[in-house]
> 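The structure's right below; bear with me while I get my questions together.
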Amino acid sequence: MSAKYREFSGLNLPAFEAEILAQWSEKQAFEKSVSLREGATPFVFYEGPPSANGMPGIHHVISRTLKDLVCRYKTMKGFQVKRKGGWDTHGLPIELGVEKELGITKEDIGKKISVEEYNQKCREAVLRYKDKWDDITRKMGYWVDLNDPYITYHNEYIETVWWLLSELYKKGLLYESVSIQPYSPAAGTGLSSHELNQPGTYKDVKDTSAVAMFKAIRNEKSEFLFKAIETGGSIDHTQIFDLKQMLEAKPQTSDTFFLAWTTTPWTLPSNLGLTVGPNIDYVLVETYNPYLHVPVNVILAKQLLNKYFDLTGIDINSIKTGLKLVSHLDTKKISKWKILAEFKGKDIEGCEYEQLIPYEANSPKVIEEITPGAKPFRVLVDSFVTTEDGTGIVHTAPAFGADDFKVGKKYGIGILTMVDRQGKFVDGLGEFSNRYVKNYKDDPNYVDVNVDIAVKLKKENRAFKVEKYEHSYPHCWRTDKPILYYPLDAWFIKTTAIKDRMVELNKTINWKPKSTGEGRFGNWLENMVDWNLSRSRFWGTPLPIWKSEDETEEKCIGSIEELNSEIRKAAEVLGGETNKHYLHEGILDLHKPYVDEIILVSASGKPMKRVPDLIDVWFDSGAMPYAQWGLPDTSSNQFGPLSAENFFKYHEASKTPPSEGLGEAVFPADFIAEGVDQTRGWFYTLHAIAALVFDSVAYKTCVSNGLVLDKNGNKMSKRLGNVVDPFKTIETFGADATRWYLITNASPWDNMKFDLDGIKEVQRKFFGTLYNTYQFFSLYANVDGFAFKEKYIPLKDRSEIDRWILSSLNTVVKKANEYMDDYEPTQAGRVIEDFVDSHLSNWYVRLCRRRFWKGEYEQDKICAYQTLYECLETLTRLIAPISPFFSDYLFQNLNAITKRFDAASVHHVSYPSIDETQNPPTGGRGAIEESLEERMQLAQDASSLILSLRKKVNIKVRQPLQKVLIPALNASMKKQLQQIEELIKAEVNVKEIEYPDPGNTIISKKIKPNFVALGKKLGPKMKAVSAALAQFTQEDIVLFEKEGQYNLSIDGEPVILQIAEVEISSEDIPGWTVANKGSLTVALDITVTPELEAEGNAREFVNRIQKIRKDSGFELTDRVEVRVKAANGLKDSLAQFKDYICAEILADKLEFVPEIQDGTEIEINDVSLNVIVLKKG
RNA sequence: AGAUCCGUAGCUCAGCCUGGUUAGAGCACUACACUGAUAAUGUAGGGGUCAGCAGUUCAAAUCUGCUCGGGUCUACCA
C-alpha cells in the first residue's frame, strides 16, 4: 500500500499554522528561501523600522502582509530577496514613556536623575516589546531577518548617520539658522509638533485683538493712492446715489493708513512689515476713526469691508470706486465711508509706512545693527494671506510667526525680537519694558499688557477697532500656559537647494497608488522647506558638530575614528584635563552625556564644544539604506577616501567572497511599503537623503497602504476601546484568513474597515472551499492510489471539461502574474478566489464527481485526477505569497505523495506561469483556449437558466425532461452550444437539445440599437431611431435580417441601418417556458410523459437507496442486495430501469417481494414503499 | 487653511481610466432544492434618487465644476 494524502477532520487554520511554523523554524525555511537564490538577481527590499516600545496593532499586520507577500512573490519569481529587519529606537515617545514610568519631567533631568541614567533607562525601554513584536512577526508569517536587525541607537548606526551629515556639511547643505518654533516661556523650552498635538493643548481663549493703523508714507510707490484722495476717487457716475453729496465730497485729510489685525498686540513693537495677498482686491476708503472721530483714509481688503462698514443693502461685488453712502444710523458699524480707489495687493507692494510703536529698542538704528541692510516697514506680498479674518493685511513680525519669518526673509526686512525667553518685553520699550506679554507667572495682579498697547494705539489715532476675540490657541501641555512662536537657533538641511532634482527623481518612482506620489508627495516636494534637524532632547543621535565659543570656528565629525583622533589632538593641544577619560579607549558611546564631555580643538587652537542639539529621529530612519550596513572598511583604500560614489563599492569589496557582498544589490530599494501616514515621514526622509547625498532615488516602487479603521469607519484608538488585538485575531481565525481578508477586501491604499466577520467569511468561503476540494481529491485519490505516477496526459487526449478547467486555471495564472507584477495583490487575490469558488469547486468538481468514484482506474479517471491535482498544486503556489501557511500545508501534503517538486516548502518553488509547452487542440496560447472558456460560460448560463425554469414550474432536477430549445443567433453560437450539449443535458437532466436556426419562425425576436456603433453615426437622431426600432414587428426584423440593412425615415430624412448596427436577440417562444440572459434564451419542454415519470421514479429510488447505504455505514465499494415491497405503479417504473438502478447502487440483486420484515420505509413522489438493503458477504 | 483619498443594496466591495440604455458580486435575510465534497452546495426573491446640485452629451454611476459628509497628512495664521 502506497502512502496516502493526509485527510482531515475539519478546517482548523490556526492548528495547521502552528504545525507549519514549527516546521519552518526546524527546516529554516526562510533562510533557505534566501540561500536557494544565491547568485540570482537581487530584489532589494527595505524594512521600515517600527518602534518596539509600543505594542503591535492590527494596522501593522496589513503593511507587513503587503511587504511579505511581495517579497515572497519575488522570491518565487526567482529573485533573491534579503530582508533585514530593523528597529527605530530614538525619539520623543521613548523619552515620554520613560518619564511617565519614572514619574519625572524634563526639568528633572540633570537634577533628580543624571543624563547618563536617563539615557540608560531609555536604552532599556527601547526594545521593551521586542518579544511581542517578534511573536506577531512569526505568527503572522512575516519573513524578515530578526536575527541581525539594524538598531538605530547602535554606535555603528549613529556613525553612519554622522557620516551622512558630514557629507551634507561638506556640500554646504548643513547650516545653522533661526527658525520660528513653538516655545513655552513658562517652561523655558521649545516644543515639538508632537507635543503640540497632545490632546487639550489647543484651547479657546479670549484675547484682546486690535486693528492697528499703519500710516502710509507718500512716495513713488504710494503716489497713486494719494492722487486718488486728491481727486476724490475716479467717479463712476452710474454708481452715485447722492450726486449733491458726491460733488461736495472733498477729502478732509490725506492721512492714509494700512489696517492690520492682530490677536497678539504684544507682537506689534516687533512689527517690520505688512503682508498682502497678490490677487486680493483692496480698497482705499475715506472715513473717520471711530474712537477719535477724526477723518482718515484706510486701506483694507474689499471682501472684509462689511466687518467694519455698514453695507446694508449693498452687494459687495457691485461696490465701485466713487460710491459713497450715508445711511442707517442704527448700527455699530461705520456708516460714513466712501471708496476712493480699488487695486490688487501686488499693486501696493513696496509701499512704505511709519513704524507703529517706535522706541529705542526697536529703532531703525538697532534694526540695522541686528540685521545690516534690512529694509523694514514695507508692504510685502505673499500667498498665505487670506480674507477670512481681519483686514486682509497681515501684520508681520518675523520673530513670532513662521509665515512672517518666511516672508520677512524673502524681502529682507530684518528681524526684531522685543520679547525675551521669559516672555517679557525687553528693556528700551518705554512703559512696556520688562512686562510679561502673558501672565506666565500666575501673578494675581497681572495687568494685560496687550490692553495697554491697545489703549495707547487708540489714543494715538493708531487703532481702528479693538475688541475681545475668542479663538483657539495652543498651550504648553506641561504648564498649561499659552505658547508663543519664538525664534530659536536650529540646524537645517538645505533640502530646498535640490528641490528640482528631488521632484525630477520622484517622477521615476512607481507609486501605488499613483495619487500618493503625484499628489500628496509631489505637492509636499513642491512646497518643501529646509529640514529642521535640531531637537533639544536627551535620547537621540547627537549632532556631530563642535563649535568654538566665539562661534567663528566649527567642525563636523564623520566617523568614530575621526572623532577619536580629534579627541587626542585636542588633548595634546589644549593639555590639562581635556578628554582625559577618552584618551585610552576612545569614545565608547556616541550618546549624551559622553559626546558633550568631549572638547575638540579648532584650527586656530581654540577649544570647541559640541552644539547641544540632537537630530530629528526621522533622519535616523531615512538613513537606513546606508546605516543598516554601517560604515564600510576602507583600510584597503582601493577606491580612495570614503564618498557617496564608493560607499557601496567598499562594502562589496570588504565582504568575502565579494560576489556575496553589498553593491548595487542593496541600493536603491526595488520596493518599500508602509502606511500612507509615512508619506511625509519615512518616504520623504529616505528620498531626501538619497537625493542629497547619493543623487539617486532610495526606492523604485513605493506602496502606501491606507488606515485600518474599525468596522464603523472610526479610527482605532485605545481611548475608544475599538482596537483590534492582532494576536487574538490570528489565534482565532488564523494568519492566512486574516492576511487574505486584509488583502482582498479592499485595495491596500483605501482605508479599510476592519470587521472580524469579514475574516470569518474569508475563512469559510475561500479556505473552506479550497479545503473541501482538497478533501474531495484526497478521499478518492487515496482509494485509487493516484500518485501522479502515470505519464502526463497531453491536453489533446483530455476531455472538454478537463481542458476547460486547465484553460481557466492558466488564465488565472496569467492574470495573477500580471497583477502581482503591477503590485495589485488585491486583484490577484480576487481572481484566484473567483476561480476556486465558481470554476473549480462549483463547476468542475461538481460536474466531475462521478468520474472520481465511478468506474475503474483507467484513462478518463486518471485524466480527472491529473487535472484536479494540477489545479490544486498550481493554486497552492498561486496563493503562497498571500497565505503562506495553508498553501505550504496543502502543497506539502500533495507533494509528499507525488514528489513532483524537489522542495521542502512551497516558498522554495517557482510561481506558476503559463505552460507554453501545452498546445490545446483548438489552438490558443499555453493551455488557454478562449473559445472553450466562452462556451463553458454559455453552458453555465444555460444550465442556470434551465434550472431556474425547473424551479419556476416546480419540477425537480431528478425528474428527467425531454427537450430544451436554445435558439442560436448565428452559426458559431450553434457550434459552441453543440460542443457542450452533453454537459448541459447531464447538468439539467434533459434528454435532448434543439437549436432553432436564425431563420426559424418559432421564436419571437427583439431588436435594439447597438448604441456604441449607432451613437457615433447618428448623434442627435439616436433617440428617434431607438424609438423606431422599438416599434418593429417580427416581420420587420426578419426582413432586416434577410436584407442585411433597413431604410428608415426619421424626421423626413432617410436613415440606412446596417445589420451590424443593431442587436437582435430572441425573446420568447410562444407556448414554451422561457428564460433569457443577455443574448442567450432557453425554452424548456415541461411535459412529463409516463415514460419520463418512470425514469424519474427510478432516480428517486436510487437516491433513497444511496442514502440508506450511507446511513448504514457501508463502504463505497460494498456490493448489496435489495428487496423491495412496492405498489404496482412504482414497481413497474423500477422494474423498467432495473439495470440502471443496480449499476448505480452497486446491487447484485433487486427483488420485488410481497412482504418485508424490518425494512426501511421510504417515499417516492408521495408513494410509500418498503425496502431492505443487505450488504453482501 | 492646503493637499489627498473615499462616498454605489442593511454590510463589504466591483464597475468609473476608455460614457452606451435592466448598475453587478459576496455576506446577511426569506423561500425552495440538492445530498457518496455534507459543519459543504445550488436556485430564486426582496433590497439602489450610484452622497447632492449644476454642466457637457443623442446618451452620465462613468467626463467637468461646485457643494455636503467621512478619513488622513501637512500647516496653524494676522
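In what follows, every chain begins at residue 1, and chains take the letters A, B, ... in the order their sequences are listed.
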> Is the phosphate of B:G20 approached by A:Asn1010 (side-chain N or O, under 4.0 Å from OP1 or OP2)?
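For A:Asn1010, the contact criterion (side-chain N or O under 4.0 Å from OP1 or OP2 of B:G20) is not met.
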
> Should A:Phe400 and A:Trp266 be marked as a ring pair (Phe, Tyr, Trp, His ring centres under 6.0 Å) after you check the CA-CA gap, both sets of side-chain angles, and the distance that decides it?
CA-CA 10 Å; A:Phe400 302 116; A:Trp266 60 265; 4.9 Å; yes

> If the plane angle is over 60° it's perpendicular, under 30° parallel, otherwise tilted; pick one for A:Tyr780 and A:Phe776.
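Because their plane-to-plane angle is over 60°, the rings of A:Tyr780 and A:Phe776 count as perpendicular.
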
> Check every strand shown and say whether A:Gly758 touches a base, only sugar-phosphate, or nothing at a heavy-atom separation below 4.0 Å.
nothing

> May I ask which nucleotide in the shown strands pairs with B:U49, Watson-Crick or G-U wobble, both distances under 3.5 Å?
none

> Could you state the CD-P distance from A:Glu824 to B:A14, rounded to the nearest angstrom?
11 Å

> Does OP1 or OP2 of B:A40 have a side-chain N or O of A:Tyr771 closer than 4.0 Å?
no

> A:Gln775 CD to B:U38 P: how many Å, rounded?
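In whole Å, B:U38 P and A:Gln775 CD are 7 Å from each other.
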
> For A:Val1012 and A:Arg1104, find the nucleotide of RNA chain B closest to each by heavy atoms; which residue's nucleotide sits nearer the 5' end?
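Nearer the 5' end of the strand: A:Val1012.
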
> Measuring to OP1 and OP2 of B:U12, would you say a side-chain N or O of A:Asn745 lies under 4.0 angstrom away?
no

> Quick one: label A:Thr744 by what it contacts on the DNA or RNA (base, sugar-phosphate, nothing), any heavy atom closer than 4.0 Å.
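If one applies the 4.0 Å heavy-atom cut-off, A:Thr744 turns out to touch nothing in the nucleic acid.
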
> Provide, to the nearest angstrom, the distance between the CD atom belonging to A:Gln959 and the P atom belonging to B:C32.
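Spelled out: CD on A:Gln959 to P on B:C32 is 21 Å.
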
> Angle between ring planes, A:Trp511 versus A:Phe683, binned at 30° and 60°: parallel, tilted or perpendicular?
perpendicular

> Does any non-hydrogen side-chain atom of A:Ile1145 lie less than 4.5 Å from one of A:Ile1108?
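A:Ile1108 does not reach A:Ile1145 side chain to side chain.
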
> Would you classify A:Arg764 as touching base, sugar-phosphate or nothing, given that sugar-phosphate means primed atoms plus P, OP1 and OP2, and contacts are heavy atoms under 4.0 Å?
sugar-phosphate

> Pick base, sugar-phosphate or nothing for A:Arg830, based on heavy-atom distances below 4.0 Å to the nucleic acid.
sugar-phosphate

> For A:Phe766 and B:C13, give me the distance from atom CZ to atom C1', rounded to whole Å.
17 Å

> Specify the residue among A:Leu947 and A:Asp404 whose closest nucleotide of RNA chain B lies further upstream toward the 5′ end.
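Its nearest nucleotide lies further toward 5', so the answer is A:Leu947.
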
> So, under a plain 3.5 Å distance rule, would you say the side chain of A:Thr769 forms a donor-acceptor pair with the base of B:A40?
no

> Does any nucleotide pair with B:G10 by Watson-Crick or G-U wobble geometry, both distances under 3.5 Å, and what is it?
B:C27

> Tell which nucleotide pairs with B:U74, taking only Watson-Crick or G-U wobble pairs whose two distances are both under 3.5 angstrom.
B:A1

> Whole angstroms only, please: what is the CG-C1' distance between A:Asn705 and B:C73?
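The answer, rounded to whole Å, is 14 Å.
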
> Give one of base, sugar-phosphate or nothing for A:Asp837, where a contact means two heavy atoms less than 4.0 Å apart.
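Nothing, no heavy atom under 4.0 Å.
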
> Going by the angle between their ring planes, with limits at 30° and 60°, are A:Tyr684 and A:Trp531 parallel, tilted or perpendicular?
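Rings of A:Tyr684 and A:Trp531: tilted, as their planes differ by 30° to 60°.
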
> If we call it a pair only when both distances are under 3.5 Å in a Watson-Crick or G-U wobble match, what pairs with B:U62?
none

> How far does CD1 of A:Ile832 sit from NZ of A:Lys815, to the nearest 0.5 angstrom?
11.5 Å

> Can you tell me how far C1' of B:C13 sits from CH2 of A:Trp740, to the nearest Å?
16 Å

> Write down the distance separating the P atoms in B:A23 and B:U62, rounded off to the nearest Å.
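Rounded to whole Å, the distance is 14 Å.
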
> Let me know the distance between CD of A:Gln763 and P of B:U12, rounded to the nearest Å.
21 Å

> For A:Lys765 and B:G42, give me the distance from atom NZ to atom P, rounded to whole Å.
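Rounding to the nearest Å, NZ of A:Lys765 and P of B:G42 are 6 Å apart.
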
> Using the C1' atoms only, state how far B:C53 lies from B:C58, rounded to an integer number of Å.
23 Å

> Have a look at A:Lys1021 and say if it touches a base, only the backbone sugar-phosphate, or nothing, with a 4.0 Å heavy-atom cut-off.
nothing

> Taking pairing as Watson-Crick or G-U wobble with both contacts under 3.5 Å, can you name the mate of B:A33, or confirm there isn't one?
B:U41

> Both distances under 3.5 Å, Watson-Crick or G-U wobble: report the partner of B:U22, or none.
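WC or wobble partner does not exist here.
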
> At under 4.0 Å between heavy atoms, what does A:Phe400 touch on the DNA or RNA strands: base, sugar-phosphate, or nothing?
nothing

